[in-house]
Amino acid sequence: MKWLILFFGIVSNALASVLIKVSVTTRPFPSLTNIKESVENWPFWLGIFFYLLTFLLYSWSLSKFPLNIAHPVLTTGSVALVALISFLYFKESFNFLNMIGIILVIIGVFLITLKMD
């Protein structure tokens, strides 16, 4: 169950980042000068919602894991998932060095979690 909480935190964090990116690239940036368009920018508000959900899931995971486990797992998982979505959805660059870097970070986090009590 505790790993599921972290998994949903990772997914929520990645969704939030992707939705904020969509909101600022396909719609006007939310501002106080244009309230109507700001309110109608649903990807922005949905992204904010997912950041809030991420915070709640992260907080919950801290009650189940040590900080030195929860934080690296959540952030590394989010980085890897955002990199994959950025490549697939936004057609952003993803080269061999990016892949090696992400793999090495994931291996490092895996090694950190091996000796978890």
*Decide side chain to side chain contact (heavy atoms under 4.5 Å, CB included) for Leu19 and Phe50; before the verdict, give the C-alpha distance in whole Å, the side-chain angles of both, and the deciding distance to 0.1 Å.*
CA-CA 9 Å; Leu19 285 163; Phe50 276 110; 3.6 Å; yes

*asked:* To the closest 0.5 Å, what do you measure between CD1 (Ile69) and CG (Leu62)?
replied: 11.5 Å

*Closest contact, heavy atoms only, Leu97 versus Asn95*: N-OD1, 3.0 Å

_Residue Tyr89 excluded, over 12 heavy atoms near OH under 6.0 Å_ = no

*Is the number of heavy atoms from other residues, nucleotides or ligands under 6.0 Å of Tyr51 OH greater than 12?*
yes

*Say you draw a straight line from CG of Leu15 to CD1 of Ile10; how long is it, rounded to the nearest 0.5 Å?*
12.0 Å

*asked:* With rounding to the nearest 0.5 angstrom, report the CH2 to OG distance, Trp3 to Ser61.
replied: 10.0 Å

*Does Val79 belong to the same Ile/Leu/Val/Met/Phe/Trp/Tyr cluster as Val18, with side-chain heavy atoms less than 4.5 Å apart forming each link?*
no

*OG1/Thr113 to CG/Leu6 distance, rounded to the nearest 0.5 angstrom?*
10.5 Å

_Listing request: all side chain to side chain donor-acceptor pair (under 3.5 Å) pairs with a residue in residues 67-79, at least two apart in sequence or in separate chains._
Asn13-Ser78, Tyr58-His71

_Would you say that Val24 contacts Asn41 through its side chain, given a criterion of any heavy-atom pair below 4.5 Å between the two side chains?_
no

_Side-chain heavy atoms nearer than 4.5 Å, only ILVMFWY residues, links allowed to pass through others: does that put Ile48 and Trp42 together?_
no

*According to the side chain to side chain donor-acceptor pair (under 3.5 Å) rule, which pairs have a member within residues 103-112, sequence neighbours left out?*
none

*Is there a chain of hydrophobic side chains (I, L, V, M, F, W, Y, each step under 4.5 Å between heavy atoms) that links Leu53 to Phe8?*
yes

*asked:* Using the side chain to side chain contact (heavy atoms under 4.5 Å, CB included) criterion, which residues pair with Ile100? Sequence neighbours excluded.
replied: Phe96, Leu104

*asked:* Whether the side chain of Ser12 engages the backbone of Gly9 through a donor-acceptor N/O pair (distance < 3.5 Å, no angle test) should be reported.
replied: no

*What about Ile20 and Leu57, same hydrophobic cluster or not, with Ile/Leu/Val/Met/Phe/Trp/Tyr joined at side-chain heavy-atom distances under 4.5 Å?*
no

*side chain to side chain contact (heavy atoms under 4.5 Å, CB included) against Ile102, all qualifying residues, sequence neighbours excluded*: Ala80, Ala83, Phe94, Ile106

*asked:* Once rounded to the nearest 0.5 Å, what's the spacing between atom CG of Leu56 and atom CG of Leu52?
replied: 4.5 Å

_Approximate separation, where rounding is to 0.5 Å, of Ser86 OG and Leu81 CG_ = 9.0 Å

_Pairs satisfying salt bridge (Lys or Arg N to Asp or Glu O under 4.0 Å), at least one member in residues 60-74, at least two apart_ = none

*Contact check, side chains of Ile85 and Val82, non-hydrogen atoms, under 4.5 Å*: no

_According to salt bridge (Lys or Arg N to Asp or Glu O under 4.0 Å), does anything in residues 80-107 pair up with another residue at least two apart or in another chain? List the pairs._
Lys21-Glu92

